[in-house]
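Below is one structure, written out as structure tokens; comments come after it.
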2 protein chains.
Amino acid sequence: MSKNMQTELPGKTVERLSQYRRILYNSIREGKTNIYSHELANMMNLTPVQVRRDLMLIGYSGSQSKGYVIKDLVELIGKIIDSEHGQNIIIVGMGNLGRAITSYFSGKRDKLSIVAAFDNDLQKTDRIVGGIPCYHITQIKDVISKETVNIAILTVSPEATHEVAKKLLDAGIKGILNYTSVPLTVPEGIHLEEYDIVTSIEKLAYLVK
Amino acid sequence: MSKNMQTELPGKTVERLSQYRRILYNSIREGKTNIYSHELANMMNLTPVQVRRDLMLIGYSGSQSKGYVIKDLVELIGKIIDSEHGQNIIIVGMGNLGRAITSYFSGKRDKLSIVAAFDNDLQKTDRIVGGIPCYHITQIKDVISKETVNIAILTVSPEATHEVAKKLLDAGIKGILNYTSVPLTVPEGIHLEEYDIVTSIEKLAYLVK
DNA sequence: CGCTTGTTGATATTCTATTCACAATACCAA
DNA sequence: TTGGTATTGTGAATAGAATATCAACAAGCG
């Protein structure tokens with residue numbers, strides 16, 4: 001048995017694995033069965049070495065003549081990054097961004113499903129929005145425990161961010177993806193990923209300058 | 001004269017500068033005039049050392065007793081990351097994500113403005129959407145040259161991504177912020193930042209697992 | 001004055017990520 | 001069989017970021 005199944009993978013590698021898989025699905029759809037590191041690298045704007053290194057880290061071996069077997073590779077990536085029984089996600093804040101993510105995501109990944117949405121606008125609550133039941137924010141705790149959700153995507157207004165984050169933590173959430181412009185702090189053991197759109201625009205503006 | 005004005009700043013530092021500034025605006029609004037590294041660090045979920053090192057890199061010095069002068073710091077960050085005469089941005093794809101970004105952004109930064117939006121849906125084009133004139137995608141080249149735009153935010157469907165990216169490059173755009181799930185490659189000298197929502201969700205799911 | 005506290009600025013260290021360089025292998029063509 | 005080409009796998013070097021550590025300094029206080 002490989003030593004890699006338990007070892008921590010570098011964060012960047014995990015991100016790339018997710019993208020390799022998506023690209024490989026496309027290749028399968030086009031009828032390809034094998035792929036070389038440089039092909040995959042081209043499609044993702046990386047170097048072949050980087051691709052090979054990533055695949056090495058997850059313990060996958062290709063052949064010098066045929067490259068990598070796409071089907072096997074996709075399967076292995078699934079073993080590594082998917083959770084066996086699947087994971088439930090909620091999305092808090094059904095503004096434009098919340099709806100965008102929902103529609104992006106719905107039906108794309110079979111091991112991950114967005115099971116509920118929340119908002120504080122009564123016009124949106126207690127009905128189906130984008131195929132997902134939308135509840136009022138006061139019901140977060142109930143739904144989280146009933147559906148065994150451990151991941152939440154935060155797309156609420158800046159003003160509401162701290163209050164909602166607290167609710168999520170109280171309800172026992174294990175990971176938060178924060179798309180608001182307000183930085184959060186979470187206790188030890190909770191995973192937090194922050195992504196701020198304004199920051200990324202300003203960064204690009206700096207680079208272009 | 002400091003040597004830092006020209007030297008390349010680390011990417012992560014640039015991102016944090018953008019966020020420092022936004023937080024500092026809030027502090028000013030609350031009447032604060034000075035701030036210590038540990039205060040700023042707490043607000044951003046960083047260590048004080050990290051804050052001081054960032055400020056060191058941009059050549060700003062505080063005082064041991066009073067910390068940093070917020071007003072001066074904000075001004076210096078502006079000098080570093082803003083472009084003197086301002087920059088114009090367009091947003092291509094006015095789906096939920098495009099509209100979300102537009103409303104997030106409008107009026108927030110005075111040196112950066114979203115001057116136009118594009119879509120291929122005739123229902124949306126040739127009218128004002130979210131305060132911004134929305135044109136049909138065929139008019140990209142005209143508008144870019146007329147308004148001297150050098151940054152584009154891409155929020156179109158996966159299918160349209162490559163074609164639209166090509167149009168942008170042809171029109172002479174200098175920086176692309178790619179929010180589609182399709183990786184792009186750009187020629188030397190063009191800046192590209194990619195951010196893929198599905199990837200970030202899968203990464204979080206891996207961490208939580 | 002001398003001692004204590006809290007802060008900055010800077011250097012050194014550790015950790016993470018990427019790239020370089022090349023051995024080993026498989027295939028093909030002559 | 002042999003030489004040539006294209007590929008993978010990986011140790012070593014390098015680059016990029018985060019963290020630890022500490023001297024120097026300012027202010028308050030006995």
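Just so we're on the same page: letters track the sequence lines, and every chain starts at 1. Only heavy atoms go into these numbers, but all of them, side chains included; no hydrogens, no water, no symmetry mates.
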Will you find, in the side chains of B:Arg99 and B:Ser103, an N or O donor that is under 3.5 Å from an N or O acceptor? no
Could you check how far NZ of B:Lys66 sits from P of D:dA27, rounded to whole Å? 8 Å
Protein-nucleotide distance (A:Ile35, atom CD1; D:dT8, atom P), rounded to Å: 10 Å
At 4.0 Å (heavy atoms only), tell me whether A:Thr13 reaches a base, stays on the sugar-phosphate, or touches nothing. nothing
Give one of base, sugar-phosphate or nothing for B:Ser61, where a contact means two heavy atoms less than 4.0 Å apart. sugar-phosphate
Counting N and O atoms only, with roles assigned by atom type, does the side chain of A:Asn88 sit under 3.5 Å from a partner on the main chain of A:Glu147, one being a donor and the other an acceptor? yes
Are B:Ser65 and C:dT7 close enough that a side-chain N or O sits under 4.0 Å from OP1 or OP2? no
Interatomic distance where CG belongs to A:Asp54 and P belongs to C:dT16 [whole Å]: 16 Å
Whole angstrom is fine here: how far is it from CG in A:Leu40 over to P in D:dT8? 10 Å
In terms of relative ring orientation, are A:Tyr179 and A:Tyr195 parallel, tilted or perpendicular, with 30° and 60° separating the classes? perpendicular
If you assign each of A:Pro10 and A:Val49 to its closest nucleotide in DNA chain C, which residue comes earlier from the 5' end? A:Pro10
Phosphate OP1/OP2 of C:dG9: any B:Tyr68 side-chain N/O under 4.0 Å: yes
Phosphate oxygens OP1/OP2 of C:dT8: is one of them under 4.0 Å from a side-chain N or O of B:Arg52? yes
In whole angstrom, give the distance that lies between atom CD of B:Gln50 and atom P of D:dA17. 11 Å
In terms of side-chain heavy atoms of A:Arg53, which of D:dG9, C:dA26, C:dC20 is nearest? C:dC20
Check the distance between C:dT25's C1' and A:Gln64's CD and give it to me in whole angstrom. 4 Å
A:Tyr36 and A:Tyr68: aromatic ring centres closer than 6.0 Å? no
Rounded to whole Å, the NZ-P distance (A:Lys12 to D:dA15) equals 18 Å
Salt bridge present between B:Lys32 and B:Glu39 (N-O < 4.0 angstrom): yes
Can you check the B:Asn42 CG to C:dG6 P distance for me, whole Å? 15 Å
